[in-house]
Amino acid sequence: MATIAADAGVGVGTLYRHFATRDDLLNHLTHRSFEQVLANALAAERRGPNATECFRLFIDAAISQRNELVLPLHGGPPPTSPATKAVRNEIHQILRRVIERGIKDATLRPGITPHDIIVFGAMLAQPRPTDPGWDATCRRLLTTYLRGLRPGP
């Protein structure tokens, strides 16, 4: 906690006044990260003209925010609070709607799950030190992945 407080530019007492334990802090950061991912999912659903573009926007946002997110697939704790689990479930519901939309308009093949999208996005959005070419590599991989979600000939 002392290192976290120092990195945040606050005293350790200030940190403990807000978060009694390291787990409390991590749970707060996890919840805040899920809320950000929810905002990303809502924005992607609203802005994407089709399912593939929705997923591109959704995963691209995670790539851009990779070092700000504390999520289970990034090594963070699994959600334990009912509020965080509710946010996670809402993200899954949005992704299900996008998948259904894509299957209905024949831009996605059947069998895709929200978990597929989340796991792939999390792999591309792993926190990492600055590497100027890495984001471009991730976005190329994303394009290849999204092509694979389309129905076959």
Side-chain angles (χ1 to χ4, degrees), residues 1-48 51-103 108 111-146 148-149:
M1 290 292 272
T3 302
I4 293 168
D7 287 349
V10 299
V12 72
T14 300
L15 188 60
Y16 275 110
R17 273 192 293 284
H18 293 282
F19 306 102
T21 67
R22 182 177 184 273
D23 285 342
D24 291 342
L25 173 60
L26 288 174
N27 288 332
H28 171 79
L29 293 173
T30 298
H31 183 81
R32 194 171 82 188
S33 294
F34 271 101
E35 286 179 330
Q36 182 59 55
V37 172
L38 174 59
N40 296 344
L42 288 167
E45 181 184 34
R46 203 173 42 250
R47 291 180 39 223
T52 303
E53 190 59 23
C54 289
F55 293 147
R56 179 183 312 284
L57 293 167
F58 177 67
I59 294 173
D60 189 66
I63 291 168
S64 297
Q65 299 161 351
R66 71 166 36 112
N67 293 320
E68 302 163 24
L69 300 173
V70 177
L71 296 166
L73 292 175
H74 289 171
T80 55
S81 78
T84 304
K85 289 178 181 179
V87 173
R88 180 190 60 193
N89 291 341
E90 196 171 345
I91 294 164
H92 284 242
Q93 289 171 5
I94 292 165
L95 295 178
R96 270 191 215 92
R97 284 195 306 261
V98 172
I99 290 167
E100 290 167 5
R101 182 171 114 191
I103 292 170
L108 290 181
I112 299 163
T113 69
H115 184 74
D116 298 336
I117 303 304
I118 290 167
V119 169
F120 187 74
M123 288 189 310
L124 293 182
Q126 287 294 312
R128 57 182 290 125
T130 304
D131 176 353
W134 184 243
D135 283 355
T137 298
C138 289
R139 289 184 173 100
R140 278 194 309 280
L141 292 170
L142 174 58
T143 297
T144 301
Y145 176 77
L146 293 173
L149 298 180

Are there over 12 heavy-atom neighbours, none belonging to Arg139, within less than 6.0 Å of that residue's CZ? yes
If we only count heavy atoms from C-beta on, is the Ile112 to Ile117 side-chain gap below 4.5 Å? yes
Considering only residues two or more places apart or on different chains, which pairs with a residue in residues 111-131 satisfy ring pair (Phe, Tyr, Trp, His ring centres under 6.0 Å)? Phe120-Tyr145
Just checking, is any N or O donor in the side chain of Asn27 or Thr30 under 3.5 Å from an acceptor N or O on the other one? no
Non-neighbouring partners of Asn40 that pass side-chain contact (heavy atoms from CB on, under 4.5 Å), sequence neighbours left out: Gln36, Phe58, Ala61, Gln65
Non-hydrogen atoms of Pro77 and Leu26 that approach each other most closely: CG-CB, 3.9 Å
Looking only at non-hydrogen atoms, find the nearest pair between Cys54 and Val98 and report the distance. CB-CG1, 3.7 Å
To the nearest 0.5 Å, what is the distance between CD1 (Ile99) and CZ (Arg101)? 12.0 Å
Spell out, as yes or no, whether a donor-acceptor pair under 3.5 Å connects the side chain of His74 to the backbone of Ala125. yes
Heavy atoms of Ala51 and Leu108 approach each other most closely as CB-CD1, 3.5 Å
Counting only pairs under 3.5 Å, give me each side-chain donor-acceptor contact of residues 82-96, with atom names and distances, residues two or more places apart or in other chains.
{"unit_1": "Thr84", "atom_1": "OG1", "unit_2": "His31", "atom_2": "ND1", "d": "2.6"}
{"unit_1": "Thr84", "atom_1": "OG1", "unit_2": "Ser81", "atom_2": "OG", "d": "2.9"}
{"unit_1": "Asn89", "atom_1": "ND2", "unit_2": "Lys85", "atom_2": "O", "d": "3.3"}

Give me the one residue out of Thr113, Val37, Leu73, Leu71 that meets side chain to side chain contact (heavy atoms under 4.5 Å, CB included) with Ile118. Leu73
Mind checking what makes salt bridge (Lys or Arg N to Asp or Glu O under 4.0 Å) contact with Glu53, not counting sequence neighbours? Arg56
In Å and rounded to the nearest 0.5 Å, what is the CD1 to CD distance from Ile63 to Gln126? 11.5 Å
What is the distance from atom CG of Leu142 to atom OG1 of Thr137, rounded to the nearest 0.5 Å? 12.5 Å
Please determine, by modelled atom types, if Thr143 and Arg140 share a side-chain donor-acceptor pair under 3.5 angstrom. no
Taking every non-hydrogen atom, the tightest pair across Val70 and Gly76: CG1-CA, 4.1 Å
Looking only at heavy atoms, what is the nearest atom pair of Phe55 and Leu149, with distance? CD1-CD1, 4.1 Å
Can you tell me which residue pairs pass the salt bridge (charged side-chain N to carboxylate O under 4.0 Å, His left out) test with a partner in residues 61-74, sequence neighbours excluded? Arg66-Asp135
Which value, rounded to the nearest 0.5 Å, describes the distance between Thr52 atom OG1 and Leu146 atom CG? 6.0 Å
By the salt bridge (charged side-chain N to carboxylate O under 4.0 Å, His left out) test, which pairs, at least two apart or in different chains, include something from residues 35-45? Glu45-Arg97
d(Leu29 CG, Leu25 CG) to nearest 0.5 Å is 4.5 Å
